[in-house]
Amino acid sequence: MSDSQTDRTGPRTLFEKVWSEHIVREDAGAPAVLYVDLHLVHEVTSPQAFDGLRARGLKFRRTDRTVATMDHSTPTLPRRLAVVDPQAAAQLAKLKANCAEFGVTLYDLDSAEQGIVHVIGPELGVTQPGCTIVCGDSHTSTHGAFGALAFGIGTSEVEHVMATQCLLQSRPKTLEVRVDGKLPAGVGAKDIILAVIAKIGTGGATGHVIEYRGTAIEALGMEERMTVCNMSIEAGARAGMIAPDETTFEWLEGRRFAPKGDAWTAAVAKWKTLKTDPGAKFDASVSLDANTLAPMITYGTNPGMGIPVTGNLPAAGTGETASDRAALAKALDYMGLTAGAPIAGQRVDVVFIGSCTNSRMGDLRSAASVFKGRKVAPNVRVLVVPGSKAVKRQAEAEGLDVVFKDAGAEWRESGCSMCIAMNGDQLSPGQYAVSTSNRNFEGRQGRGGRTLLASPLTAAAAAVTGKVTDPRTLMGGAT
Amino acid sequence: MKIEAKDPFTTLAATFVVLPADNVDTDQIIPARFLKVTDKKGLGDSVFADWRRLPDGSVNTDFPLNRPDAKGAQILVAGQNFGCGSSREHAPWALVGWGLRAIIAPSFADIFKGNAMKNGLLPIAVDAAFHARILEARRADPAARIAVDLPAQTVALEGQPPVRFEIDPFAKECLVHGIDELGYLLERSADIDRYEAKHA
Ligand code: SF4
């Protein structure tokens with residue numbers, strides 16, 4: 001073990017502070033017993049865990065620390081037309097019955113709070129600085145934007161948390177990702193994280209918790225910080241964190257489950273201590289210059305295969321090892337793209353604006369700024385899917401739905417939708433999609449579908465031009 | 001309460017299949033459309049569904065798991081960062097459902113690795129040289145076998161000297177003795193009570 005891991009009195013990182021606060025017990029030769037402050041639950045990864053509790057006759061330890069919603073297999077068609085897939089319907093019914101039986105709060109399809117689990121946690125104020133948060137979902141890393149230690153777990157662990165409110169966890173290492181400087185216009189949080197993953201690779205942060213730091217990170221709003229932390233898992237990280245500051249407190253104050261009155265004052269005082277101390281050591285560190293970033297887009301079948309939208313695909317045979325070269329060839333074959341060719345101008349069939357990465361108000365406003373006064377290109381289908389019902393209401397209050405619909409885009413109900421293609425929203429084989437989601441794996445958005453990941457701005461630019469386009473050429477309104 | 005012991009994992013000797021691609025993600029191991037199940041069973045038929053079948057629905061006879069010599073294989077030899085992406089435990093359920101007991105790769109994604117071990121599926125990280133030797137042995141003889149000895153932490157091409165692999169000692173204990181982590185956690189209830197009282 002390195003000094004940074006054993007020396008609990010010296011300068012500590014944000015991660016170390018939150019981690020050590022939550023150790024229930026630590027025995028030699030065994031992982032730590034880590035306490036979980038908040039457990040988020042959704043329909044896909046929970047039924048087998050509830051069954052496990054029942055089969056073993058176990059009690060649900062802390063329903064008051066558990067929040068459930070439906071998001072993955074829910075329809076996003078207007079007015080929630082029937083769940084056509086009987087298996088999905090059964091899964092939703094099962095979550096409802098399980099939550100009723102065990103007494104877990106559920107924001108189901110009919111509730112005003114429903115939405116993607118990683119969108120509603122922060123919205124409701126249950127996501128708070130310094131907390132440990134888990135969910136049977138790898139994008140739980142999103143909540144790290146608040147200075148929480150938040151990570152995805154498997155269904156066995158979902159059951160562990162239900163029964164004990166604890167998890168057995170070996171201590172991860174720490175990785176500092178520094179982004180300093182000022183982002184150019186038209187470049188945002190999604191471009192930062194795509195650039196980070198392109199730099200370190202999809203396994204680059206395996207075994208580590210990332211802390212994003214630096215002036216460019218501090219300048220981000222909360223929604224943008226969530227976008228960055230969201231995709232930590234795409235770099236292989238266990239979690240991603242950003243130290244809480246005035247931006248965080250301002251965003252949280254007054255939210256439904258945020259502390260109130262004196263409790264709020266006390267909480268903020270405590271949260272202010274959640275910073276990496278000067279001199280604290282990370283196990284590894286990488287840095288990026290925000291000034292030089294451009295809008296990013298992926299061309300391949302993992303999120304590390306990203307380039308600036310103004311760039312060219314790697315030349316044939318690029319790659320350090322034989323297996324890198326094979327991976328590139330296989331990815332380009334699946335994507336139907338040519339090595340060395342520019343990515344700009346690539347034909348687009350579908351544009352998806354949504355997912356826990358980019359479905360919040362800022363994302364929708366930024367996409368709408370491109371759609372305003374323009375039309376979706378012929379033969380392009382555009383889905384705009386708000387992350388939660390609250391986002392949907394706010395967007396409609398601001399008239400964004402009208403902007404999208406006038407342009408020719410579909411304005412949907414909240415949910416995961418085409419991010420995971422479980423609910424009928426999916427690509428056909430061979431189609432190209434520019435998507436604001438987080439995964440471009442083969443078939444992720446429908447079998448044979450080809451996904452290019454990008455920011456809401458870049459996605460909207462593709463929607464109105466019908467091809468991959470540098471969004472900066474469309475900024476400043478329709479001409 | 002009743003915590004059932006799982007099948008212990010000690011030694012294994014079996015033929016193997018090779019899927020050398022890097023960064024095989026859990027969406028490939030089990031595509032999302034199969035996640036609508038509410039139990040753990042029956043996913044073996046859908047493992048690598050989109051690679052095992054061609055777009056027209058016919059069987060892709062070229063895919064390693066579909067070849068006749070894959071029959072009875074209990075070990076998968078994969079590329080680096082195997083199991084990246086989604087945290088779905090359906091991935092190990094599907095691999096185990098197909099008949100696999102161990103995966104050998106240069107590296108694994110974190111969540112997948114934890115999920116696998118909780119389901120009696122042993123992830124074995126090996127160095128590039130040994131990985132290359134395995135691939136070579138399989139090319140020379142599709143009936144080549146690999147022997148795993150978990151208590152000794154060794155893996156070998158049958159008939160050749162074993163090499164050591166690393167595994168978290170606690171995870172090893174759980175696998176070798178068929179211990180369920182939940183039982184271990186439940187035994188710490190008094191500590192959890194104390195923690196909650198202090199942090200209420
Ligand atoms: S939006 Fe996509 S990545 Fe996010 S929770 Fe839903 S399926 Fe997972």
Side-chain angles (χ1 to χ4, degrees), chain A residues 24-25 29-31 33 35 44-45 47-48 51-52 56-58 61 72-73 85 87-88 90-91 94 136-138 152-157 159-160 163-168 170 172 202-203 206-207 233-234 236 238 302 304 323-324 326-327 330 420-422 429 439 441-444 447-448, chain B residues 1-4 20-23 25-28 31-33 35-40 49-51 55 79-81 84-93 106-112 114-116 118-119 128 168-171 173 180-182 184-186 188-189 191-192 194-196 199:
Chain A
V24 170
R25 182 174 166 150
V33 178
Y35 195 76
V44 177
T45 53
Q48 298 86 351
D51 281 349
R56 295 162 147 158
L58 292 170
R61 187 173 175 108
H72 281 67
S73 56
D85 181 336
Q87 234 188 340
Q91 197 174 55
K94 188 126 193 194
D137 195 287
S138 58
I153 56 178
T155 297
S156 296
E157 290 174 315
E159 186 182 341
H160 298 176
T164 68
Q165 203 58 30
C166 289
L167 280 175
L168 285 168
S170 337
T202 50
T206 302
I233 181 73
E234 270 63 55
R238 206 72 186 91
N302 77 52
S323 86
D324 290 346
K330 182 169 181 283
I420 189 162
M422 281 186 75
R439 287 186 173 142
F441 299 146
E442 288 183 24
R444 170 77 177 188
R447 190 167 185 198
Chain B
M1 91 188 71
K2 178 163 111 272
I3 299 299
E4 284 161 20
D22 289 340
N23 298 313
D25 57 81
T26 54
D27 272 82
Q28 306 316 315
R33 63 181 183 279
L35 306 188
K36 295 170 202 160
V37 293
T38 52
D39 62 14
K40 304 178 184 181
D50 291 345
W51 286 351
Q80 62 183 340
N81 199 25
C84 60
S86 153
S87 62
R88 59 189 70 166
E89 200 160 318
H90 308 69
W93 296 337
S107 61
F108 294 90
D110 280 338
I111 306 180
F112 174 81
N115 283 342
K118 289 183 184 65
N119 289 279
D168 172 74
F170 182 80
E173 277 298 295
D180 189 323
E181 283 186 13
L182 179 52
Y184 179 91
L185 274 170
L186 286 163
R188 271 120 197 107
S189 292
D191 296 296
I192 304 171
R194 268 194 296 279
Y195 179 92
E196 284 185 334
H199 293 80

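Below, read A as the first sequence line, B as the second, and so on, with proteins coming before strands; counting in each chain starts at 1.
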Toward chain B, the part of [X] with a non-hydrogen atom under 4.5 Å:
X: A/Glu234; answer: neither
X: A/Ala30; answer: both
X: A/Ile233; answer: side chain
X: A/Arg444; answer: both

Please enumerate all residues that pass ring-ring contact (aromatic ring centres under 6.0 Å, His included) together with A/Tyr35, with sequence neighbours excluded. B/Tyr195
Sequence-distant partners of A/His160, ring-ring contact (aromatic ring centres under 6.0 Å, His included), two or more places apart: none
Interchain contact, [X] with chain A, by part (heavy-atom threshold 4.5 Å):
X: B/Asp50; result: both
X: B/Asp191; result: both
X: B/Gln28; result: side chain
X: B/Phe112; result: neither

Looking at every non-hydrogen atom in both residues, tell me the closest pair between [X] and [Y] and how far apart they are.
X: B/Leu35; Y: A/Gln91; answer: O-NE2, 2.8 Å
X: A/Pro31; Y: B/Phe170; answer: CD-CG, 3.2 Å
X: B/Ser87; Y: A/Gly136; answer: OG-C, 3.6 Å
X: A/Cys166; Y: B/Leu185; answer: O-CD1, 3.7 Å
X: A/Ser170; Y: B/Asp168; answer: OG-OD1, 4.3 Å

Against A/Ser156, only a single residue in B/Lys118, B/Glu89, B/Lys40 fulfils side chain to side chain donor-acceptor pair (under 3.5 Å); can you say which? B/Glu89
Using only heavy-atom distances, determine whether the side chains of A/Glu442 and B/Trp51 contain a donor-acceptor pair under 3.5 Å. yes
Pair B/Glu196 + A/Arg61: basic N to acidic O under 4.0 Å: yes
Worked check of side chain to side chain contact (heavy atoms under 4.5 Å, CB included) between B/His90 and A/Gln48: CA-CA 10 Å; B/His90 308 69; A/Gln48 298 86 351; 3.9 Å; yes
